[in-house]
Undergrad: 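Provided herewith is a single structure, encoded as structure tokens, for subsequent inquiry.
Residue numbers start from 1 in every chain, and the chains themselves are labelled A, B, ... in the order their sequence lines are given, proteins ahead of strands. Computed over heavy atoms, backbone and side chain alike; hydrogens, waters and symmetry mates excluded.
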Protein chains: 2
Amino acid sequence: MKLSTKGRYAVTAMMDLAINHRTGPMSLADISKNQSISLSYLEQIFSKLRKADLVEGVRGPGGGYRLARPINQITIAQIMQAADVSIDSTQCLGAEDCSSGDRCLTHKLWEDLSFKLYEFLNDITLADFVKEPKIRHMRMPQDSASNYINTMFLPISRAS
Amino acid sequence: MKLSTKGRYAVTAMMDLAINHRTGPMSLADISKNQSISLSYLEQIFSKLRKADLVEGVRGPGGGYRLARPINQITIAQIMQAADVSIDSTQCLGAEDCSSGDRCLTHKLWEDLSFKLYEFLNDITLADFVKEPKIRHMRMPQDSASNYINTMFLPISRAS
DNA sequence: GTAATAACCAAGTAACTTACTAGGTATTAA
DNA sequence: TTAATACCTAGTAAGTTACTTGGTTATTAC
């Protein structure tokens with residue numbers, strides 16, 4: 001799981017789907033326009049989301065994608081895990097006895113942290129962002145926050 | 001901020017420092033051995049940590065790095081922000097009026113999520129992992145957790 | 001004061017990821 | 001039958017990762 005632009009694309013696209021989940025399937029063309037993401041790149045991301053059973057595709061005119069489950073059963077952690085490149089652990093493999101003792105101590109500590117973070121993100125569902133018919137924003141301090149936010153999760157600028 | 005191998009290197013190295021912060025500065029050569037990270041790569045990472053005032057370098061024999069602040073004043077969020085590549089936001093810049101209304105709604109929702117995550121990681125300090133003279137592990141369910149963990153934050157395997 | 005030890009610095013690189021383009025095929029509604 | 005859409009494969013330039021090489025300072029121990 002990574003917190004990069006790709007994960008952000010997946011999450012924001014799923015939010016779009018969640019917001020519009022009453023009005024039938026939503027086409028990738030629409031999401032592409034909304035989010036300023038290339039259609040083909042969205043297709044690739046949605047291919048992964050579909051394989052993870054988070055969305056369902058509907059072909060033909062008027063088709064598109066819809067959420068495969070109720071909004072309160074789709075978590076941020078699930079979306080990010082689905083979108084990200086598959087990750088392969090070579091050192092330790094989570095085994096208890098990885099090079100025994102101190103050497104792997106920080107590895108264990110990192111796992112503890114990872115799990116805490118996973119729990120945190122797995123507790124947040126799309127329903128936490130979307131309340132019909134109006135969007136309910138999560139409470140958030142205004143000014144102290146904005147400085148951090150702008151330097152954290154926003155996309156890297158690319159020359160076109 | 002990203003949750004990738006680089007951030008993991010930085011965090012685990014800082015954990016190493018925190019664990020040994022009583023016995024004087026710790027050399028990168030030691031950390032390199034402990035964590036199986038190349039010395040020169042560590043130097044690059046520590047250069048960033050030093051510029052972020054998280055560590056202090058001590059030159060000469062017996063030298064190394066030590067934490068620049070008490071362990072309860074260094075957060076995971078700070079470490080990851082310091083280690084990661086600088087990120088530049090081109091769309092929205094956090095402005096309230098970015099393309100007005102629905103178009104940027106999910107962007108706002110993503111910011112809310114980012115901030116929540118930042119708060120979460122900024123609440124965890126190195127002291128939460130290290131308690132002298134013994135290490136205190138964070139509580140963590142055993143079996144249900146391990147499957148997730150192994151596929152989440154561990155390094156990508158690379159052919160050498 | 002010389003040698004060893006370490007931080008500190010800069011440049012280069014192969015493998016990989018990102019974000020995108022191009023060019024299709026398959027399915028379905030009108 | 002046509003158009004709209006999902007769905008699929010291959011390619012690519014730019015950026016990141018993780019590392020290598022080859023230095024230069026600063027400090028301690030002898």
Undergrad: Round to a whole Å and report the spacing from CE of B/Met26 to C1' of C/dT5.
TA: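 So the CE-C1' distance, B/Met26 to C/dT5, works out to 16 Å.
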Undergrad: Report the residue (A/Gly60 or A/Glu43) whose heavy-atom-nearest nucleotide on DNA chain C is the more 5′ of the two.
TA: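 Nearest-nucleotide comparison on DNA chain C picks A/Glu43.
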Undergrad: B/Arg66 CZ to C/dA6 P: how many Å, rounded?
TA: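 After rounding, the gap between these two atoms is 15 Å.
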Undergrad: Does a side-chain N or O from B/Tyr65 land closer than 4.0 Å to OP1 or OP2 of C/dA6, or not?
TA: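 Negative; the distance criterion is not met.
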Undergrad: The criterion is salt bridge (charged side-chain N to carboxylate O under 4.0 Å, His left out); which residues satisfy it with B/Arg66, sequence neighbours excluded?
TA: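 B/Arg66 satisfies salt bridge (charged side-chain N to carboxylate O under 4.0 Å, His left out) with B/Glu56 once adjacent residues are dropped.
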Undergrad: Using whole Å, what does the distance between atom P of nucleotide C/dT17 and atom OH of A/Tyr41 come to?
TA: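 Distance, rounded to whole Å: 12 Å.
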Undergrad: Just the rounded figure in Å: distance from C1' of D/dT17 to CD1 of B/Ile37.
TA: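 My rounded result for the distance is 13 Å.
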Undergrad: Return the 5'-most residue of the pair B/Leu39, A/Arg59 with respect to DNA chain D, ranking by each residue's nearest nucleotide.
TA: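 Mapping each residue to its closest nucleotide by heavy atoms, the 5'-most match is A/Arg59.
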Undergrad: Using whole Å, what does the distance between atom C1' of nucleotide C/dA6 and atom CD of B/Glu56 come to?
TA: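 Computing the B/Glu56:CD to C/dA6:C1' distance gives 16 Å.
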Undergrad: How close or far is atom P of D/dA4 from atom NZ of A/Lys33, stated in whole angstroms?
TA: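 My rounded result for the distance is 11 Å.
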Undergrad: Which residue in the set B/Val55, B/Ile19, B/Ile31 passes side chain to side chain contact (heavy atoms under 4.5 Å, CB included) when paired with B/Met14?
TA: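 In the set B/Val55, B/Ile19, B/Ile31, the residue that makes a side chain to side chain contact (heavy atoms under 4.5 Å, CB included) with B/Met14 is B/Val55.
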Undergrad: Categorize A/Ser40 for me: base, sugar-phosphate, or nothing, with a 4.0 angstrom heavy-atom threshold over every strand shown.
TA: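 A/Ser40: base contact, heavy atoms under 4.0 Å.
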Undergrad: Using whole Å, what does the distance between atom C1' of nucleotide D/dT16 and atom CE of B/Met80 come to?
TA: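 Atom CE in B/Met80 sits about 17 Å away from atom C1' in D/dT16.
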Undergrad: Does D/dC8 have OP1 or OP2 under 4.0 Å away from a side-chain N or O of A/Arg50?
TA: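 For D/dC8, OP1 or OP2 has a side-chain N or O of A/Arg50 closer than 4.0 Å.
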Undergrad: Under 30°, 30 to 60°, or over 60°: which ring-plane class applies to B/Phe46 and B/Tyr65, parallel, tilted or perpendicular?
TA: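 Plane angle between 30° and 60°, so tilted.
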Undergrad: Mind checking B/Phe46 for me? I need base, sugar-phosphate or nothing, with any heavy atom below 4.0 Å counting as a touch.
TA: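 If one applies the 4.0 Å heavy-atom cut-off, B/Phe46 turns out to touch nothing in the nucleic acid.
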Undergrad: Among the candidates D/dC8, C/dT18, D/dA4, find the nucleotide nearest to the side-chain atoms of A/Ser47.
TA: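 Comparing D/dC8, C/dT18, D/dA4 against the side chain of A/Ser47, the answer is D/dC8.
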Undergrad: Can you check side-chain hydrogen bond (donor to acceptor under 3.5 Å, both in side chains) on B/Thr125 and B/Asn72, steps first, answer last?
TA: CA-CA 5 Å; B/Thr125 73; B/Asn72 63 343; over 6 Å; no
Undergrad: Classify the angle between the aromatic ring planes of B/Phe120 and A/Phe120 as parallel (below 30°), tilted (30 to 60°) or perpendicular (above 60°).
TA: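 Parallel, since the angle between the ring planes stays under 30°.
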Undergrad: Kindly say whether, by distance alone, the side chain of A/Gln44 makes a donor-acceptor pair under 3.5 Å with the base of D/dC8?
TA: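 A donor-acceptor contact between them is absent.
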Undergrad: Taking atom P of C/dA19 as reference, at what distance in whole Å does atom CG of A/Leu42 sit?
TA: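 Taking CG of A/Leu42 and P of C/dA19, I get 12 Å after rounding.
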Undergrad: Do any side-chain nitrogens or oxygens of A/Arg8 fall under 4.0 Å of OP1 or OP2 in C/dT18?
TA: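 For A/Arg8, the contact criterion (side-chain N or O under 4.0 Å from OP1 or OP2 of C/dT18) is not met.
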